[in-house]
Protein chains: 4
Amino acid sequence: MGKTHADRCHGAAGRPRCPAKEAVILDAALMLLSERGFTRMPLDGVARAAGVSKATIHLRFRTKTELAAAALKTLRPSSAPPETGDVRADLVAQLADFAATLTRTPGMALIGTCLAEEAHTPELLQLFRECAVQPRRDAMRRLLDRACVQGVLASGADPDAVTSALLGASYADHLAGRTTAEGWAERTVAGVLALPVCP
Amino acid sequence: MGKTHADRCHGAAGRPRCPAKEAVILDAALMLLSERGFTRMPLDGVARAAGVSKATIHLRFRTKTELAAAALKTLRPSSAPPETGDVRADLVAQLADFAATLTRTPGMALIGTCLAEEAHTPELLQLFRECAVQPRRDAMRRLLDRACVQGVLASGADPDAVTSALLGASYADHLAGRTTAEGWAERTVAGVLALPVCP
Amino acid sequence: MGKTHADRCHGAAGRPRCPAKEAVILDAALMLLSERGFTRMPLDGVARAAGVSKATIHLRFRTKTELAAAALKTLRPSSAPPETGDVRADLVAQLADFAATLTRTPGMALIGTCLAEEAHTPELLQLFRECAVQPRRDAMRRLLDRACVQGVLASGADPDAVTSALLGASYADHLAGRTTAEGWAERTVAGVLALPVCP
Amino acid sequence: MGKTHADRCHGAAGRPRCPAKEAVILDAALMLLSERGFTRMPLDGVARAAGVSKATIHLRFRTKTELAAAALKTLRPSSAPPETGDVRADLVAQLADFAATLTRTPGMALIGTCLAEEAHTPELLQLFRECAVQPRRDAMRRLLDRACVQGVLASGADPDAVTSALLGASYADHLAGRTTAEGWAERTVAGVLALPVCP
DNA sequence: TATGAATGAGTGTTCATTCAT
DNA sequence: TATGAATGAACACTCATTCAT
């Protein structure tokens, strides 16, 4: 009684699903996924961290894989650093931001999980590509295109190759255990663009 | 330090341990480690693949972690491609060989496992660095030093940064799902060294 | 006693419960109970089959056991085959009808469930006796009494024992996996009544 | 050292499997299977009742179904009652023994489980037929054949039908809740063989 | 030494039931 | 009343490790 049409038709039948829980669960899942990896992320753990019951998780995500996938989908390209007019400075900023993202908590570990699980759970790597890798590449690519236009980058160079080189340098350094300290982004951009060579 | 369980507990007394089995076990472990990852590598599986019993494995490696570490230690840098006089060609060859190593069955998956396990089992990443990453970097670095001497590379560029860019490009492309096809190494070297820019 | 949860808790006050749903639920429950057994009948399944929500079921039946019991109570002895004057023919018809009931979809499975659950849920077997077993026995018994009167059956024979033998033959054959094909009822009646022996 | 050829080849490698446990596990399983039914028989429960760990059970029986099947296979036709010269008396004895088997602990419940699980786990009913139903039928059948020879049974009667009637009477009475007390077997044999009818 | 047996902790998923609209 | 959400208790099965030959 007293219910409006909207109430009845909006799919409001039954107890409404607590919307906050969705996010809490995904947060907990993403945290555990990064910190411990897929196979070391027990659903009990996610439930406990999220403050819900395991069954509540299963209500939203049929399987553990689906949960992990949904958690990965929440990855959003960190708000891109603002673009100034200086292309080279923008490249450095973008690269530094990327390295920071990797360093911050669990970036590399998350990548590791997706790679390690590829044979068993290919969705993870695929989603990671869509949600994290590609957006970053696109942003970088856009900057490089502008760099070409401005003559900062040799027009003959394959922009995809340069994108890979710049972003890849971060992977390589993390993997090598080289701490990417102050000035790292500058040095890398310099190394890759090799501008000094051109007097 | 660096001694395995077997090293520590046994001298020459008693029936000597069949040394062949050691190798067979490590081979099987490395294969499963790459193909399925640490957490998906059951000791039963290693035992079966190696044709020994689980207990035999534990006789040599106290824990699963020790086994995995020992397996990683068997990684040897693939025989470096022969060096010609042409530095640039050597760089391309080295890079192509690296990419091939990554692609060949389980390179990226193995990296993924080491990264994913870093929080739980830091030894893996550490050993992977020593046995796989560093040797490769060293080889690349040597070529780059020669490139500097010959003026192919700007003497101002940080050779470590360039090393990271070149090798990292391979990681980045794998991670992005870009198939590294024919001519990939050439394009990457060109992009990184940016030679075309210097008329 | 014999009152359902609904009977007990509600008079005529408030919005009356949709009576159609009651039947739909019980139908669905009886079907699943026969097809899959008590422990393999999930309430979700009943709810889905009936097109209602789980909570709606619990509104009428406090527990799963009560639901199953109510479903069993809907069992009605199949309309008895018409009685002709010929007692022997009537016995055969009755027996054939019984065997058909057992064979038809889930007769034996339902019996199995009631028997298997006896220790855990004695109500089921009890209700099954009242609603299915006894009515059938009574019908058979009536025929046998007439048979006695007409001299077809030896007046000294215990009619209950003969009833058990005739109906039981059907159980025994199902349990033995003997397909009860054409002429089965005739042969059984002949075997039990053993009339041929009396010239 | 000191091992004979037999020791090595007899399959004696490694710790020998404790032979008692096999039986204890199967006993516990059969007990729980009869008392509670297949779906209410938790492996934990079997393990606890048998005093072994769950994994020990899985070492011998891959799945719960396999365990239940193996437990059923241990069913042996109870040592047949001794045959006297008197065929009728033997029939009565056989039938009484059968009814006692059904009554003793969990006979009917076990039948119920096998019937109830038929759709989901047909092996159970199948094994029950082989191990319990058929042997009993065979014994009964043998007696009936002798009865025919001796003229106690009409030679025209289908012996399988009579077998089903005799054994089935026991099912029917249990299902009807009729307590099969003193003299039950005699009355049933009398009713089925219907001898009194022949003066 | 090497083997198969044995174990205890852990894990994903299901389900009857209760709650909040 | 009726609905979907939420829960806690099970449960079958896996696995690293230890034991007894």
Side-chain angles (χ1 to χ4, degrees), chain A residues 1 3 7-8 11-19 21 39-47 52-65 67, chain B residues 6 10 14-18 21 39-47 52-65 67, chain C residues 6 10 14-18 21 39-47 52-65 67, chain D residues 1 3 7-8 11-19 21 39-47 52-65 67:
Chain A
M1 298 294 179
K3 298 246 172 195
D7 287 337
R8 254 182 267 114
R15 175 173 173 177
R17 189 174 288 192
C18 173
K21 280 182 179 156
T39 51
R40 290 195 199 279
M41 169 185 81
L43 286 186
D44 308 39
V46 178
V52 302
S53 75
K54 262 188 298 180
T56 296
I57 297 180
H58 276 286
L59 192 61
R60 285 144 219 259
F61 311 99
R62 203 172 353 234
T63 65
K64 186 185 174 185
T65 300
L67 169 63
Chain B
H10 295 273
R15 174 171 161 192
R17 248 193 295 248
C18 171
K21 280 183 181 163
T39 51
R40 290 196 198 277
M41 170 185 81
L43 286 187
D44 307 42
V46 179
V52 302
S53 75
K54 267 189 297 179
T56 298
I57 296 179
H58 270 103
L59 211 51
R60 285 146 222 258
F61 310 98
R62 190 156 12 219
T63 66
K64 187 185 172 184
T65 299
L67 169 64
Chain C
H10 295 273
R15 173 171 160 192
R17 250 197 292 252
C18 172
K21 280 182 181 161
T39 53
R40 290 197 198 276
M41 169 185 81
L43 285 188
D44 307 43
V46 179
V52 302
S53 74
K54 264 187 300 179
T56 298
I57 296 179
H58 268 104
L59 210 52
R60 285 146 221 261
F61 310 98
R62 196 168 354 231
T63 66
K64 187 185 173 185
T65 299
L67 169 63
Chain D
M1 299 290 178
K3 297 246 172 195
D7 286 338
R8 254 183 266 111
R15 177 173 171 179
R17 189 174 287 191
C18 172
K21 281 184 178 154
T39 51
R40 289 194 200 281
M41 170 184 81
L43 286 186
D44 308 40
V46 178
V52 302
S53 75
K54 262 189 298 180
T56 296
I57 296 180
H58 277 287
L59 193 61
R60 286 144 218 258
F61 310 98
R62 201 167 0 228
T63 66
K64 187 185 172 184
T65 300
L67 169 63

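We name chains A, B, ... by the order of the sequence lines, and we start the count at 1 in each one. Bear in mind that the values here come from a model prediction, so they are computed numbers and not experimental data.
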How many angstroms lie between atom CG of Leu43(B) and atom CZ of Phe61(B), to the nearest 0.5 angstrom? 11.0 Å
Give none if dT21(E) has no partner; otherwise give the nucleotide forming a Watson-Crick or G-U wobble pair with it, both distances under 3.5 Å. dA2(F)
Among dA2(E), dT7(F), dA12(F), the one nearest any side-chain atom of Lys64(D) is dA12(F)
Can you tell me if Thr56(A) touches the phosphate of dA5(F), counting only side-chain N or O atoms and a distance under 4.0 Å to OP1 or OP2? no
Grab the CZ-P distance between Arg17(D) and dA20(F) for me, whole Å please. 17 Å
Atom CZ of residue position Arg62(A) - does it have more than 12 heavy atoms of other residues, nucleotides or ligands inside 6.0 Å? no
Measure from CZ on Arg15(A) to P on dT3(F) and round the result to the nearest Å. 16 Å
Is Arg40(A) near enough to dG10(E) that one of its side-chain N or O atoms lies under 4.0 angstrom from OP1 or OP2? no
Choose from dT7(F), dT14(F), dA12(F) the nucleotide whose nearest atom is closest to any side-chain atom of Val52(A). dT7(F)
Any donor-acceptor N/O pair under 3.5 Å between dT3(F) base and Lys54(C) side chain: no
Lys64(D) side, atom NZ; His58(D) side, atom NE2 - distance, nearest 0.5 Å: 10.0 Å
Tell me: CZ of Phe61(B) to P of dA16(F), nearest whole Å? 15 Å
Using whole Å, report how far CD1 of Ile57(D) lies from P of dT14(F). 14 Å
With nearest nucleotide decided by heavy atoms, which residue, Met41(D) or Ala55(C), maps closer to the 5′ end of DNA chain F? Ala55(C)
Could you tell me which non-hydrogen atom of Ser53(C) sits nearest to which non-hydrogen atom of Ala47(C), and how far apart they are? C-CB, 3.9 Å
Walking DNA chain E from its 5' end, the first of Pro42(A) and Ser53(B) to be reached, judged by nearest nucleotide, is Ser53(B)
Toward the 5' end of DNA chain E, by each residue's nearest nucleotide, Thr39(C) or Lys21(B): Lys21(B)
Closest listed nucleotide, where the reference is the side chain of Thr63(A) and the choices are dT11(E), dT13(E), dG4(F): dT13(E)
Heavy atoms only: give me the nearest Lys54(D)-Asp44(D) pair and the separation to one decimal. CD-OD1, 3.5 Å
Are OP1 or OP2 of dT1(F) and a side-chain N or O of Arg60(C) less than 4.0 angstrom apart? no
The reported gap from NZ in Lys21(B) to CG in Leu59(B) (rounded to nearest 0.5 angstrom) is 10.0 Å
What does dA16(F) pair with, Watson-Crick or G-U, if both distances are under 3.5 Å? dT7(E)
To the side chain of Asp44(C), which of dT7(E), dA16(E), dT17(F) is closest? dA16(E)
Residue matched to dG12(E) through Watson-Crick or wobble contacts both under 3.5 angstrom: dC11(F)
Compare the minimum distances between each of dT1(E), dG12(E), dT17(F) and the side chain of Leu59(B), then state the nucleotide with the smallest one. dT1(E)
Counting side-chain heavy atoms from CB outward, which of dA16(F), dC15(E), dT14(F) is closest to His58(B)? dA16(F)
Separation of Leu43(A) atom CG from dT7(F) atom C1', in whole Å? 15 Å
